[in-house]
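Take a look at the structure below.
The structure presented is a predicted model; accordingly, all values stated were derived computationally and were not measured. Quick note: residue numbers are just sequence positions, from 1.
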Amino acid sequence: WAVIAANPNVFNTNATLYAPDGSLVETAVVGPQDAHVFELDGAASAMWEHNSPTGLSDLAFRLESDTPIVAYQYQPYSTSFSATADGTLLLPEHAWNTNYLMVEADAGPQWMTVVALEDDVEITVRRDAGAVGSTAAGGGIPSLAANQEHIEVLNAQQTLRIYSNSSDLSGTQVFSSTLDSFAVFAGSPGMSLPTASASYNDYLEEQLPPRSAWGKEFAVIKFQPRGGESDLYRIIADKDGAVITVTGGPNTSYNLNQGEFVEFESADSFTVSSTEAVLIAHMLESCSNASGTIDPVTFPGEFEASVNCGTSTSASNLGDPGLSFVTPADRWRNRYTFAAPGTYAWDMVTVMSEAAIWPTINIDGAPLPVPTPLGSTTMVYARFAVSDGAHVIQSAFGPFGLEVYGYDCRVSYAYAGGLSLGVINTPPVPQ
């Protein structure tokens, strides 16, 4: 398990990781536009695993720095002996909020984990009216079915986990009646996407953006193709009466109310426009959905995790499920600092922007590849590999979007490369 602290500044920053019991794990001086990996080996990581399906735990680490940084986590960090992994962008505490809606795939067991960094944060978890089945009870937390709720008070670095083996958690409301901010993570101990499988499941994890940061306009770009596979998407509405138009891909429209969602597959890129704010979950599908041989130009070299795949050139061994959330176009930034882990064979990025902005964007001082037009819009995009380590991608003239992901032998990770998290949406007040 590992946390990466990336320093976007032109001066050093001091980053410190604390264990759940408050003890110091490590302090690091992170150089300008560089990154540091806080890595815990398997034995140390096992001490902090959330082994209880549902319940309260004191298992949250705390990462602090003396200047603004960007942070990610990987579970696990090393792919060499693992066939299940994912990563997430970690949102800073000042960007947390008091109101969330849960969304992820329904192709296996699911969990949601709520985290507080202050004492006495009262959390309400409320299942939606259309929920089918119940969550698992545990640790004094009751099972929750449709229209049922549970209230829990969390202290600093305490976590509340709700687990479901068969009931879809999407649409579940999580909010604070004390108006204290908190974080929510969505995940799964193992899913096969797009549909459940009895074996060969893969870990998923991603921190949810608060509803205040949901948007109405999106450029949705398929992950780097491996071999004919589609990507899986879920779109969930923040308010009643949302009219969602998908142009390209499935090329259709949906009418959704608060907490309702749609799921579809697409092998194409597309745009989404909505009359009300939405959140889009973007998911890599299982490697078994890819076919043919690996393109040696797009994916040069061999698997890092050769212990599992050897020298295979089959695309059906490349990557596996991963979960990301698409950044709204008005949350794009002019500059990102991110780090590609050294434990995946192929680290990829997708960049999207208005065509006029594209020539002004550079990565590590070099121009971007020639872009592909996004349908009949004025936007363009490119998908390309990046080397291990820290990277800076920036434009002096306008914002652009970034998604970061990676592939190895039956493992993947995916997350938004960064986003602005100011309030652009006012969600309904929980009743």
| task | Would you check if there is a donor-acceptor pair between the side chains of Lys239 and Asn425 at a distance under 3.5 Å? | result | yes
| query | Has the side chain of Thr377 got a donor or acceptor atom that lies under 3.5 Å from a matching backbone atom of Leu374? | reply | yes
| Do the side chain of Tyr200 and the main chain of Ser197 share a donor and acceptor less than 3.5 angstrom apart? | no
| said: Would you say Thr113 and His50 are linked by a side-chain donor-acceptor pair, where the criterion is simply a distance under 3.5 Å? | reply: no
| So Phe61 and Trp1, would you call those rings parallel, tilted or perpendicular, with 30° and 60° as cut-offs? | tilted
| query | Under a 4.5 Å cut-off applied to non-hydrogen side-chain atoms, are Leu368 and Phe384 in contact? | reply | yes
| query | Asp86 and Tyr415: side-chain donor and acceptor closer than 3.5 Å? | reply | no
| field | Side-chain heavy atoms of Arg383 within contact of Pro225, under 4.5 Å | value | yes
| remark: d(Asn289 CG, Asp231 CG) to nearest 0.5 Å is 10.5 Å
| query | Just by modelled atom types, is the Ala396 backbone N or O under 3.5 Å from a matching donor or acceptor in the Thr360 side chain? | reply | no
| Under 3.5 Å, side chain of Gln394 to main-chain N/O of Asn334, donor-acceptor pair present? | no
| message | Between Tyr336 and Val70, does the side-chain contact (heavy atoms from CB on, under 4.5 Å) criterion hold? Intermediate values first, please. | response | CA-CA 9 Å; Tyr336 304 84; Val70 183; over 6 Å; no
| Between Pro76 and Thr84, what is the shortest heavy-atom contact and its length? | CD-O, 3.2 Å
| query | Looking just at side-chain N and O atoms, do Thr135 and Arg127 make a donor-acceptor pair shorter than 3.5 Å? | reply | no
| Is there a side-chain contact between Asp320 and Leu284, using heavy atoms and a 4.5 Å cut-off? | no
| task | Measure the shortest side-chain to side-chain distance between Pro428 and Asp238 over non-hydrogen atoms and say whether it is less than 4.5 angstrom. | result | yes
| task | Output the distance between atom CG (Asp128) and atom CG (Asn257), rounded to the nearest 0.5 Å. | result | 12.0 Å
| said: Between Asp388 and Asp347, is there a side-chain heavy-atom distance shorter than 4.5 Å? | reply: yes
| Minimum heavy-atom separation for Ser395 to Phe400, with atom names? | N-CE2, 3.7 Å
| Which is it for Asn7 and Thr13 under the side-chain hydrogen bond (donor to acceptor under 3.5 Å, both in side chains) test, yes or no, and what are the steps along the way? | CA-CA 7 Å; Asn7 179 13; Thr13 191; 5.1 Å; no
| Checking side-chain contact (heavy atoms from CB on, under 4.5 Å) for the pair Val125/Met102: CA distance, chi angles, key distance, verdict? | CA-CA 10 Å; Val125 177; Met102 175 71 174; over 6 Å; no
| Should Leu318 and Phe303 be marked as a side-chain contact (heavy atoms from CB on, under 4.5 Å) after you check the CA-CA gap, both sets of side-chain angles, and the distance that decides it? | CA-CA 9 Å; Leu318 182 57; Phe303 290 105; 4.0 Å; yes
| request: Search all heavy atoms of Ala5 against all heavy atoms of Val30 and return the closest pair with its distance. | output: O-CG1, 3.9 Å
| query | What's the shortest heavy-atom distance between Ser134 and Ser143, and which atoms? | reply | CB-OG, 3.2 Å
| task | Classify the angle between the aromatic ring planes of Phe264 and Tyr254 as parallel (below 30°), tilted (30 to 60°) or perpendicular (above 60°). | result | parallel
| What distance separates Thr327 OG1 from Arg333 CZ, expressed to the nearest 0.5 Å? | 10.5 Å
| Does a donor on one side chain sit under 3.5 Å from an acceptor on the other, for Ser177 and Glu122? | yes
| query | Taking all atoms of both residues into account, what is the closest heavy-atom pair of Glu104 and Gly187, and its distance? | reply | OE2-O, 2.8 Å
| Side chains of Thr88 and Gln73, donor plus acceptor under 3.5 Å | no
| message | Contact between Glu354 and Phe397 at the side-chain level, heavy atoms closer than 4.5 Å - yes or no? | response | no
| field | Distance-only side-chain donor-acceptor flag, Thr178 / Ser176, under 3.5 Å | value | yes
| query | Between the side chains of Thr16 and Glu64, is a donor N or O closer than 3.5 angstrom to an acceptor N or O? | reply | no
| task | Say whether, by atom type as modelled, one donor and one acceptor occur between the side chain of Asn255 and the main chain of Val243 under 3.5 angstrom. | result | no
| request: Look at Glu265 together with Lys222 and state whether they make a salt bridge at an N to O cut-off of under 4.0 Å. | output: no
| task | Look only at the side chain of Trp358 and the backbone of Pro369, and say whether a donor-acceptor pair between them is shorter than 3.5 Å. | result | yes
| Qualifying residue for ring pair (Phe, Tyr, Trp, His ring centres under 6.0 Å) with His282, from Phe223, Phe325, Phe218 | Phe223
| Are side-chain heavy atoms of Met379 and Met352 found at a separation under 4.5 Å? | no
| Polar side-chain atom of Ser167 near backbone of Val132 as donor-acceptor pair, under 3.5 Å | yes
| In terms of side-chain heavy atoms, does Asn9 have a donor or acceptor partner in Thr67 at a distance below 3.5 Å? | yes
| request: Verify whether one side chain among Tyr405 and Glu403 offers a donor that lies under 3.5 Å from an acceptor in the other. | output: no
| Side-chain donor/acceptor of Thr54 to backbone N/O of Tyr163, under 3.5 Å | yes
| So, the side chain of Asn99 versus the backbone of Phe175: is there a donor-acceptor pair under 3.5 Å, distance only? | no
| Do the side chains of Tyr100 and Pro210 get nearer than 4.5 Å, heavy atoms only? | yes
| Which value, rounded to the nearest 0.5 Å, describes the distance between Gln158 atom CD and Leu117 atom CG? | 12.0 Å
| Nearest 0.5 Å, what's the CH2-CG distance between Trp214 and Leu279? | 5.0 Å
| note | With sequence neighbours left out, the residues meeting side chain to side chain contact (heavy atoms under 4.5 Å, CB included) with Ser291 are none
| message | I'd like to know whether Arg161 forms a side-chain contact (heavy atoms from CB on, under 4.5 Å) with Ser57, so could you lay out the CA-CA distance, the side-chain angles of the two residues, the decisive distance to 0.1 Å, and finally the verdict. | response | CA-CA 8 Å; Arg161 170 160 287 195; Ser57 302; over 6 Å; no
| Closest heavy-atom contact between Ala19 and Val25? | N-CG2, 3.5 Å
| request: Mind checking the CE-CG spacing from Met191 to Asp202? Nearest 0.5 Å is all I need. | output: 11.0 Å
| said: Do Ser314 and Ser316 pair up side chain to side chain, a donor and an acceptor below 3.5 Å, judged on atom types alone? | reply: yes
| remark: Exactly one candidate in Tyr413, Phe299, Tyr344 meets ring pair (Phe, Tyr, Trp, His ring centres under 6.0 Å) with Tyr407; the answer is Phe299
| query | Between Trp346 (side chain) and Ala385 (backbone), is there a donor-acceptor pair under 3.5 Å? | reply | no
